[in-house]
Amino acid sequence: MSSEVVSEVQVSLKELPMDSWMNHLPCALWDVPLRNLAIPGSHNAITYCLDRSDRSPVDLTQPDLLQKLDKYMKPLIRPFVYKWAVTQEATVKEQLDCGVRYLDLRIAHRPNDTSTDLYFYHGVYTTLTVETVLQEIRSWLDVHSREVVLLSFSHFLGLNQDLHTGLISTIRTIFTARLCPTTEVVTLRNLWSLGYQVIVSYEHSMVSLYSDLWPHIPYWWANKCKAEALIEEFEHRKQHGRPGGFFVTGINLTEDLKYICSHPTESLKDLVMSTYPALLSWVRGQSPGSDSRSLNIIAGDFVSESHFVPTVIALNQLLVHCTGPCDVSRGN
C-alpha cells in the first residue's frame, strides 16, 4: 500500500465520529480479534463524582497516617486528597461519547454502611452507586448498538461473598443478552451478528462460575511519576512479550507522597496534562496486532482533555493494509 493511501486511512480513522468509531471502522478490521485492536481506555473511570462532603471517609486503602490526619484535620487535608484523587472529570457517558471503550471500575462497600449499595472509590468514595453508573452505560448502549465496551471490575474493597453475588446479579440483570460469553469469537463482525456489546472482566474467583464473565484483564502499571520513566518501563516489558488475550497498558502516572509534598499547588491533572505530549508521542510509535511487542487497550487519565482517544484509534490504520478483501455483510 502506498504511503498516500496509508495517510488517507490515518486521517479517516482520526476523523471517525468518536461516539461510534467501532461502527465506522474499515471493513478490513471487522474480523480482527478485539484483543489485537488498539482500544482507548479510561483509568479509574468513575472519579468524577467523588463525595466532597464530610460524610465520606477516606478509603481504607490509604495510609494510616492520612486517615488519622483526615479525621482530625479534615478541612486542611481534604483539598489535597481531591486534587490527587480525581483521574477523570468527564462523566461515564461523556467518556463513551469521546470514544473510550474500556472502563477501569474499582468497587467498594463503604465502611459501616448497613445497606448493600456499592460505590467506586479513589481516595474517597463516590456519590453515585455502581448500579446507577451501570444503568447509564446500558442506556448509552441502547443508542449505540454497534459499539462494544469492556468493563473491568477490580480492586474490590470491603465486599464479602454475598455482596459479590449481588453485584454479579446486578451486572447480569442490567446487561442481560448483551454480555459476551468467554467461549465466543470476539470480532466486531461476530459480536454485531449476535448482539453482544459488553465484555465484563471480574477480578475474583467467582468468575469461574459464570460463562458470561471473563477473567481479570491484565493491566500494565508502571508506578512512575515521570513520563520518561514510564516509557522506559513499558519498553522493558514489551521485550518479554504481550499477554495472549486482552491486556491494558496504563499510561497513567502515579504520584508519591514526596512528589505531592514538593508540588503543593499542583494537582494530578496538572501532572497529567504536562506529560501528555511526551506520552502521546510514544503512543504514536506503537502498533496493535498479534506481534509480541504490540499493544491492545491503552488507558489514561483525563481522557477527554487531550488527543488521547483519536491517537489510540488511529493506530489501527497499521492493521488495515495487513488484511485482504472483506465481505461487507454485518449480519443482523
* Report the distance from atom CD1 of Ile174 to atom CG of Leu141, rounding to the nearest 0.5 Å. => 11.5 Å
* side chain to side chain donor-acceptor pair (under 3.5 Å) evaluation trace for Trp220 with Glu233 -> CA-CA 10 Å; Trp220 282 5; Glu233 172 67 19; over 6 Å; no
* Asked: Honestly curious: do Val100 and Leu188 fall in one hydrophobic cluster under the side-chain, below-4.5 Å linking rule?
  -> yes
* **Donor-acceptor contact present, side-chain Arg237 to main-chain Trp221, <3.5 Å** => yes
* Asked: Under the criterion side chain to side chain contact (heavy atoms under 4.5 Å, CB included), which of Leu151, Val92, Val200 is the partner of Leu105?
  -> Leu151
* Of all the heavy-atom pairs spanning Glu266 and Lys83, show the shortest one and how long it is. => O-NZ, 3.0 Å
* With rounding to the nearest 0.5 Å, note down the distance linking NE2 in His109 to OH in Tyr121. => 14.0 Å
* Asked: Out of curiosity, Leu191 CG to Tyr196 OH, how far, rounded to the nearest 0.5 Å?
  -> 9.0 Å
* Asked: How about Tyr48 and Val86: do any of their side-chain heavy atoms sit closer than 4.5 Å?
  -> no
* Asked: With under 30° as parallel and over 60° as perpendicular, where do the rings of His164 and Tyr202 fit, or are they tilted in between?
  -> perpendicular
* To do: Begin from the C-alpha positions of Arg178 and Asp142 and carry the test salt bridge (Lys or Arg N to Asp or Glu O under 4.0 Å) through to its verdict.
  => CA-CA 10 Å; Arg178 297 173 194 246; Asp142 288 342; 2.5 Å; yes
* To do: Answer yes or no: does atom NE2 of His307 have more than 12 heavy-atom neighbours from other residues, nucleotides or ligands under 6.0 Å?
  => no
* **From CA spacing to verdict: side chain to side chain contact (heavy atoms under 4.5 Å, CB included), Asn36, Arg242** => CA-CA 11 Å; Asn36 292 339; Arg242 57 158 288 172; 3.6 Å; yes
* **Donor-acceptor under 3.5 Å (Ser304 side chain, Ala90 main chain)** => no
* Within-4.5 Å side-chain heavy-atom neighbours: Leu103 and Ile137 -> yes
* Asked: So does Phe80 have more than 12 non-hydrogen atoms from other groups sitting under 6.0 Å from CZ?
  -> no
* To do: Check whether more than 12 heavy atoms from other residues, nucleotides or ligands sit under 6.0 Å from atom NE2 of His236, and answer yes or no.
  => no
* To do: Could you tell me whether the side chain of Arg293 reaches within less than 4.5 Å of the side chain of Gln239, counting heavy atoms only?
  => yes
* Say whether, by atom type as modelled, one donor and one acceptor occur between the side chain of Gln286 and the main chain of Leu295 under 3.5 angstrom. => no
* Nearest non-hydrogen partners of Ala85 and Leu50, listed with the distance -> CB-CD1, 3.7 Å
* So, the side chain of Ser274 versus the backbone of Asp270: is there a donor-acceptor pair under 3.5 Å, distance only? -> yes
* Asked: Does NZ or CZ of Arg110 lie under 6.0 Å from the centre of the six-membered ring of Tyr119, at an angle within 45° of the ring axis?
  -> yes
* **Side-chain donor/acceptor of Asp104 to backbone N/O of Asn44, under 3.5 Å** => yes
* Would you call Lys224 and Glu232 a salt bridge, using N to O less than 4.0 angstrom? -> no
* Asked: Which atoms form the tightest heavy-atom contact between Val303 and Gly41, and what is the distance?
  -> CG1-O, 3.5 Å
* Met18 side, atom CE; Met22 side, atom CE - distance, nearest 0.5 Å -> 11.5 Å
* Asked: Relative to each other, are the rings of Tyr276 and Phe308 parallel, tilted or perpendicular (30° and 60° limits)?
  -> tilted
* Working for side chain to side chain contact (heavy atoms under 4.5 Å, CB included), residues Thr116 and Leu163 -> CA-CA 7 Å; Thr116 58; Leu163 289 172; 4.0 Å; yes
* Within a strict 4.5 Å, meaning less than it, do heavy atoms of the Arg106 and Phe120 side chains meet? -> no
* To do: Would you name the heavy atoms of Asn190 and Ser193 that are closest together and state the gap between them?
  => O-OG, 2.7 Å
* If the plane angle is over 60° it's perpendicular, under 30° parallel, otherwise tilted; pick one for Tyr219 and His43. => tilted
* Looking only at atom types and distance, does a side-chain atom of Arg172 sit under 3.5 Å from a main-chain N or O of Leu179, one as donor and one as acceptor? -> no
* Report, as yes or no, whether the 6.0 Å neighbourhood of atom NZ on Lys93 holds more than 12 heavy atoms from other residues, nucleotides or ligands. => no
* To do: Answer yes or no: is there a side-chain heavy-atom contact under 4.5 Å between Val130 and Thr170?
  => no
* Between His144 and Trp140, how do the two ring planes meet: parallel, tilted or perpendicular, split at 30° and 60°? -> parallel
* Structure fact -> Distance col, row Leu16:CG vs His24:NE2, nearest 0.5 angstrom, shows 7.5 Å
* Structure fact -> Heavy-atom nearest pair, Ala299 first then Val248, reads CB-CG1, 3.7 Å
* To do: Check for a donor-acceptor pair, side chain of Asn316 on one end and backbone N or O of Ala38 on the other, with a separation under 3.5 Å.
  => yes
* Are more than 12 heavy atoms from other residues, nucleotides or ligands located less than 6.0 Å from atom CG of Asn160? -> yes
* Between Leu213 and Phe153, is any pair of side-chain heavy atoms under 4.5 Å apart? -> no
* Asked: Any ion pair linking Asp291 and Lys238 (charged N to carboxylate O, less than 4.0 Å)?
  -> no
* Cluster question for you: counting only ILVMFWY and a side-chain heavy-atom cut-off of under 4.5 Å, with indirect links fine, are Val143 and Trp21 together? -> no
* Asked: Knowing that exactly one of Leu319, Leu318, Leu315 qualifies, which makes a side chain to side chain contact (heavy atoms under 4.5 Å, CB included) with Ser287?
  -> Leu318
* Joint hydrophobic cluster, Leu150 plus Val185, side-chain heavy atoms closer than 4.5 Å -> no
* Within the side chain of Asn296, is there an N or O that forms a donor-acceptor pair under 3.5 Å with the backbone of Ser290? -> no
* To do: Would you please test Asn252 and Thr87 for side chain to side chain contact (heavy atoms under 4.5 Å, CB included) and show each step?
  => CA-CA 9 Å; Asn252 49 286; Thr87 60; over 6 Å; no
* Side chain Glu131, main chain Asp117, donor-acceptor under 3.5 Å -> no
* Side chains of Pro310 and Ile313: closer than 4.5 Å at any heavy-atom pair? -> no
* To do: Look at the side chain of Thr275 and the backbone N and O of Leu271, then say whether any donor-acceptor pair between them is shorter than 3.5 Å.
  => yes
* Asked: Closest approach of Phe302 and Met273, non-hydrogen atoms and distance?
  -> CB-SD, 4.4 Å
* To do: Could you go through the side chain to side chain contact (heavy atoms under 4.5 Å, CB included) check for Thr126 and Thr47 one step at a time?
  => CA-CA 7 Å; Thr126 58; Thr47 57; 6.0 Å; no
* With Tyr102, the side chain to side chain contact (heavy atoms under 4.5 Å, CB included) member among Ser152, Ser201, Pro40 -> Ser152
* Asked: Can you tell if the side chain of Val124 reaches within under 4.5 Å of the side chain of Tyr82, non-hydrogen atoms only?
  -> yes
* **Rounded distance (nearest 0.5 Å) linking atom CD of Glu147 with atom CG of Asn23** => 6.0 Å
